[in-house]
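All values below were derived from every heavy atom in this structure, side-chain atoms included, with hydrogens, water molecules and symmetry-related copies excluded.
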Amino acid sequence: MEKKQQEEWVDFVVTARKYKTLLTTKYKNRPIWHKPSAGDVISHLPGTIIKIMVEKGQEVEAGQLLLIHEAMKMQNRVVAPIAGVVAELDVKEGEAIAKNHLMVKIEPK
């Protein structure tokens, strides 16, 4: 006979009224959010890297074209969010990448 998992009640307040509820398994198993770094360039869609315009160690300006990322039959221009130096370049031309893949990391000047 299996033991039933202990249910955990949590409190939350909405407009000065207090409620109790149970959290779902899906909510408990969600990925933990972390604040992204200003220089992290992350893919929002899965796709393919078509062309890379920068290399590791290169200085870039904010708004400078870093690479072309094809997703959903559209070629997207990925630009630098900040000025700095390319610290990591985690993609290659022709490579298929997943959603939330760190493509480029820029260290601020």
Side-chain angles (χ1 to χ4, degrees):
M1 186 173 185
E2 291 182 34
K3 285 186 176 181
K4 188 175 180 182
Q5 186 177 6
Q6 182 68 28
E7 294 178 339
E8 179 182 351
W9 290 89
V10 293
D11 296 331
F12 66 98
V13 178
V14 178
T15 61
R17 292 178 193 254
K18 189 173 182 179
Y19 299 90
K20 283 193 177 296
T21 189
L22 295 172
L23 301 177
T24 65
T25 304
K26 181 179 178 181
Y27 180 82
K28 290 178 186 178
N29 294 332
R30 74 194 183 283
I32 303 301
W33 182 85
H34 67 282
K35 183 177 180 180
S37 171
D40 289 354
V41 180
I42 299 171
S43 66
H44 297 290
L45 294 169
T48 305
I49 303 302
I50 302 298
K51 185 150 180 79
I52 299 174
M53 313 297 191
V54 294
E55 55 189 39
K56 189 174 178 177
Q58 180 179 338
E59 281 194 27
V60 293
E61 295 299 321
Q64 180 178 337
L65 181 62
L66 300 174
L67 54 90
I68 305 292
H69 174 239
E70 183 178 37
M72 299 175 57
K73 299 182 183 179
M74 300 208 34
Q75 292 187 3
N76 303 293
R77 297 169 43 92
V78 179
V79 298
I82 61 171
V85 177
V86 176
E88 294 179 35
L89 187 61
D90 293 334
V91 291
K92 296 179 181 86
E93 288 186 9
E95 179 181 12
I97 60 171
K99 179 179 179 181
N100 297 325
H101 180 83
L102 176 65
M103 298 184 288
V104 181
K105 183 175 188 75
I106 301 171
E107 292 295 328
K109 285 185 182 179

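Across all their heavy atoms, Pro46 and Ala71 have their closest contact at O-CB, 3.5 Å. Residues Gln58 and Gln64 come closest through the heavy atom pair NE2-NE2, 3.6 Å. A pairwise comparison of heavy atoms in Leu102 and Ile42 identifies CD1-CG1, 4.1 Å as the closest pair. In terms of heavy atoms, Ile106 sits closest to Ala80 at CD1-CB, 3.8 Å. Minimum heavy-atom separation, Ala62 to Pro81: CB-O, 4.2 Å. Closest approach of Gln75 to Ile68, counting heavy atoms only: CB-CG2, 3.9 Å.
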His69 and His101: CA distance, side-chain angles, deciding distance, side-chain contact (heavy atoms from CB on, under 4.5 Å) verdict | CA-CA 12 Å; His69 174 239; His101 180 83; over 6 Å; no
Between Leu66 and Met103, is a side-chain contact (heavy atoms from CB on, under 4.5 Å) present by the stated rule, with each step listed?
-> CA-CA 10 Å; Leu66 300 174; Met103 298 184 288; over 6 Å; no
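Not counting sequence neighbours, the partners of Lys109 by the side-chain contact (heavy atoms from CB on, under 4.5 Å) test are Glu59, Glu61, Ala83. Every residue meeting the ring-ring contact (aromatic ring centres under 6.0 Å, His included) condition with Tyr19, not counting sequence neighbours, appears here in chain and number order: Phe12.
Just one residue in the list Leu65, Val79, Val78 forms a side-chain contact (heavy atoms from CB on, under 4.5 Å) with Met53, and that residue is Leu65.
In terms of modelled atom types and a separation under 3.5 Å, the side chain of Thr21 and the main chain of Val10 share no donor-acceptor contact. Between the side chain of Arg30 and the backbone N or O of Tyr27, at least one donor-acceptor pair lies under 3.5 Å. A donor-acceptor pair under 3.5 Å links the side-chain atoms of Glu93 to the main chain of Ile52, judged by distance alone.
Ile82 and Leu89 fall within a single hydrophobic cluster, where Ile, Leu, Val, Met, Phe, Trp and Tyr are joined by side-chain heavy atoms under 4.5 Å apart, directly or via other members.
A distance of 9.5 Å separates NE2 of His44 from NZ of Lys99, quoted to the nearest 0.5 Å. Atom CD of residue Glu70 and atom CD1 of residue Ile50 lie 4.0 Å apart, to the nearest 0.5 angstrom.
Put simply, the side chain of Val54 does not reach to within 4.5 Å of the side chain of Leu67, judged on heavy atoms.
Within 6.0 Å of NZ in Lys20 there are more than 12 heavy atoms belonging to other residues, nucleotides or ligands.
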